[in-house]
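To find a chain, count down the sequence lines: A is the first, B the second, and so on, and within it residues start at 1.
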Amino acid sequence: MKVLSKLCVAVALACGAAAAHAQYSDNVIKIGVLNDQSGTYADLAGPGSTVAARMAVEDFGAAKKGMKVEIVVADHQNKPEVGSSIARQWFDVDKVDVIVDVPTSSVMLAVNQIAKEKNKVLLDSTGGSSDLTGKACTPNSIHWTYDTWALANGTGSAVVKTGGNTWFFLTADYAFGHALEKDTEAVVLKNGGKVVGKVRHPFPSSDFSSFLLQAQSSKAKIIGLANAGADTISAIKQGAEFGIVKGGQQFAGLLVFITDVHALGLDKAQGLLLTESFYWDLNPQTRSFSQRFAKLHKGAMPTMAQAGVYSSVLHYLKAVEALKSDADGAKVVAKMKELPTDDPIFGKGSIRQDGRKLHPMYLFEVKKPAESKGAWDYYKLRSTIPANEAFRPEKDGGCPLVKS
Amino acid sequence: MSEIFGIPTQALFGQLLIGLINGSFYALLSLGLAVIFGLLNIINFAHGAQYMMGAFCAWFLLKKLGLSYWWALVLGPIIVGATGVVIERFMLSKLYKLDHLYGFLLTFGLALVIQGLFRHEFGSTGLPYAIPKSLEGGQNLGFMFLPNYRAWVIAASLTVCLGTWFMIEKTKLGSYLRAATENRELVQAFGINVPRMITLTYGFGVALGAFAGVMAAPIYSVSPLMGGDLIIVVFAVVVIGGMGSIMGSIVTGFVLGILEGLTKVFYPEASNIVIFVVMAIVLMIKPAGLFGTQR
């Protein structure tokens with residue numbers, strides 16, 4: 001429960017000669033994995049993200065290149081004040097150079113400001129709010145894996161186009177839920193749909209029956225779940241009990257991770273449409289990465305959030321290597337934007353001026369139990385949204401870094 | 001359609017019923033706490049963890065032994081209750097002479113350890129547990145769709161709560177228990193094995209928590225955190241009802257469930273704090289709780 005700011009692993013030891021040339025701050029590149037280690041979002045990011053970060057350091061070959069990389073981990077408990085104080089402690093006292101992962105948009109946005117103030121780096125994989133590359137963008141942060149705009153654009157428009165034109169939102173009452181609701185509502189309205197109601201539930205919640213009843217009496221065709229993790233699972237599970245789907249209404253899970261589908265079971269999750277930027281069974285590279293990951297993480301396949309941590313750490317190390325320095329956060333991020341990205345997770349990609357990492361997004365449908373060949377075989381690919389359409393156009397975000 | 005405060009009456013009835021269902025869990029859990037506090041003077045902070053263990057027990061029985069929900073409903077409380085007996089025998093029994101705080105610290109520590117172990121083993125997302133076949137589906141009541149399982153929860157919880165109240169307040173066994181809390185030595189002098197009675201009482205209180213856990217398994221995800229999330233609210237319920245008051249904990253459990261349900265309609269954002277607001281107000285007016293007596 002308490003903040004366990006613990007040193008997890010010293011991955012590489014510098015070999016004498018090479019270390020003499022490196023000019024890394026205090027000779028160590030220190031990566032802080034800041035996420036929810038024990039709560040609602042612990043399975044979709046949590047310890048798995050640490051595993052992914054460690055794999056990235058290993059695959060980069062830091063030890064061979066004479067770079068000393070250390071990973072530290074802490075639990076922000078999904079609370080902005082806890083996250084902020086860890087971030088300050090890390091930057092000021094523990095000499096952490098970059099913070100990665102950071103689920104929970106409210107925490108992400110708080111850490112974002114601190115990273116800028118201290119001129120360090122934030123590579124956010126799991127936080128959702130598209131504000132990170134909008135009005136809150138900074139020269140020190142990159143939004144890596146997905147964002148609320150991309151989710152809304154993927155799932156929202158697909159659902160409206162297949163006839164789901166009246167919506168009721170079940171929204172987690174904090175920054176992420178609000179952003180997801182706002183972005184999805186815009187997509188729904190743009191495609192000619194209508195929003196007939198919304199209710200904001202406390203985060204996290206375990207009982208959704210009351211909210212589901214309100215959604216039911218709204219008669220909306222689609223119940224949009226603007227929440228994540230255990231909240232989404234409970235809502236869908238309890239929705240089945242109240243006969244939501246049998247009554248002709250449908251859920252749209254706006255942010256669903258593969259761990260959520262795993263927890264729901266295919267008979268409850270089947271048919272769900274969802275948007276993700278990564279699935280373990282996409283191609284030979286993702287499969288080989290995921291199988292290595294699963295071996296290190298109790299047999300669980302990586303979520304897009306965890307895969308994103310791998311990808312972001314790898315690219316960060318490439319940029320630091322090219323710069324031969326990790327001292328100036330803004331310079332490292334500028335270098336990261338300059339270099340093209342390439343990894344087994346997302347393939348080739350790039351990073352925009354506003355800090356948006358670009359890669360394709362995928363619209364998946366959850367398989368029926370009969371279609372699945374076994375554990376973790378859950379998704380069917382419905383369509384691929386190319387990188388240039390997957391994310392909000394740079395000019396619409398209102399990021400001050402973008403020169404028009 | 002008629003309306004009350006801008007909410008259609010029908011929707012309101014639905015929410016009242018939902019509140020009653022949640023109240024069933026509050027009542028069951030706070031009852032277990034009240035029994036333990038009333039008779040042992042121990043603030044059992046491990047109650048949430050024991051509730052969670054009940055749910056996990058159901059999951060295990062189904063997954064590993066293929067035993068159905070109904071078996072779990074009987075075996076779950078017995079198994080978890082037995083662990084309670086062990087805890088009382090070897091740990092809690094050493095603390096009765098000491099301040100309340102020690103029992104509280106011990107059970108709080110136990111709760112953290114148990115939750116941590118389960119989290120380490122099963123992760124935090126939770127495991128699926130299906131509603132038993134015979135209770136699937138639901139009734140259309142006109143104003144709402146009532147799942148059969150939830151109706152069963154209300155009925156079972158009411159029966160168990162009232163049964164427990166009856167046993168403690170109206171039977172001979174109950175009178176021994178109550179007498180033993182008043183004056184342990186005197187009751188022992190009459191030839192009653194008080195330590196064993198206390199051990200079994202703790203086991204029974206824990207079993208009540210586990211029973212609630214088994215009932216919760218099909219509704220909520222079976223997850224290591226399910227108890228930790230709930231226990232704080234349940235403590236507030238116990239405090240409002242009056243520490244140790246059996247009837248108080250039952251009535252406040254149901255009433256606060258309904259109150260919370262109504263808050264979810266009128267101002268959903270406040271639904272997770274309304275119980276604590278009530279607690280603050282009650283403590284200001286009646287520091288011993290609604291049904292409690294000053295000790």
Under the 6.0 Å and 45° cation-pi test, does A:Lys237 pair with B:Tyr220?
no

Has B:Tyr102 got more than 12 heavy atoms of other residues, nucleotides or ligands less than 6.0 Å from its OH?
no

By a 4.5 Å heavy-atom criterion (distance strictly below it), what part of A:Ile233 contacts chain B: side chain, backbone, both, or neither?
side chain

Given a strict heavy-atom distance threshold of 4.5 Å, which part of A:Phe208 is in contact with chain B: side chain, backbone, both, or neither?
neither

Nearest atoms (heavy-atom pairs only) where A:Phe242 meets B:Phe145:
O-CD2, 3.2 Å

Salt bridge check, A:Asp207 against B:Arg150: does any charged N sit closer than 4.0 Å to a carboxylate O?
yes

My understanding is that only one of B:Gln15, B:Lys264, B:Glu260 makes a side chain to side chain donor-acceptor pair (under 3.5 Å) with A:Ser210; could you say which?
B:Gln15

Where does B:Ile131 contact chain A at under 4.5 Å (heavy atoms): side chain, backbone, both or neither?
side chain

Between B:Asn22 and chain A, with a heavy-atom cut-off of 4.5 Å, which part of the residue counts as in contact: side chain, backbone, both or neither?
side chain

Closest heavy-atom pair and its distance - B:Glu269, A:Asp173:
CG-OD2, 3.0 Å

Shortest non-hydrogen contact from A:Leu213 to B:Gly14?
CD2-C, 3.6 Å

Chain A contact via B:Pro224 - which portion, at a heavy-atom distance below 4.5 Å:
neither

Are there more than 12 heavy atoms of other residues, nucleotides or ligands under 6.0 Å from atom CD of A:Gln250?
no

Among A:Ser205, A:Ser209, A:Pro204, the residue with the most heavy-atom pairs under 4.5 Å to chain B is A:Ser209

Evaluate the side-chain proximity of B:Met226 to A:Ser206: yes if any heavy-atom separation is below 4.5 Å, no if none is.
no

Any side-chain heavy atom of B:Pro147 within less than 4.5 Å of one from A:Glu241?
yes

Taking all atoms of both residues into account, what is the closest heavy-atom pair of B:Leu225 and A:Gly39, and its distance?
CD1-CA, 3.6 Å

Does CZ in B:Phe276 sit with more than 12 non-hydrogen atoms of other residues, nucleotides or ligands closer than 6.0 Å?
yes

Check whether A:Lys246 gets within reach of chain B through its side chain, its backbone, both or neither, counting any heavy atom under 4.5 Å.
neither

Counting heavy-atom pairs under 4.5 Å with chain B, which one of A:Lys298, A:Gln216, A:His201 comes out on top?
A:Lys298

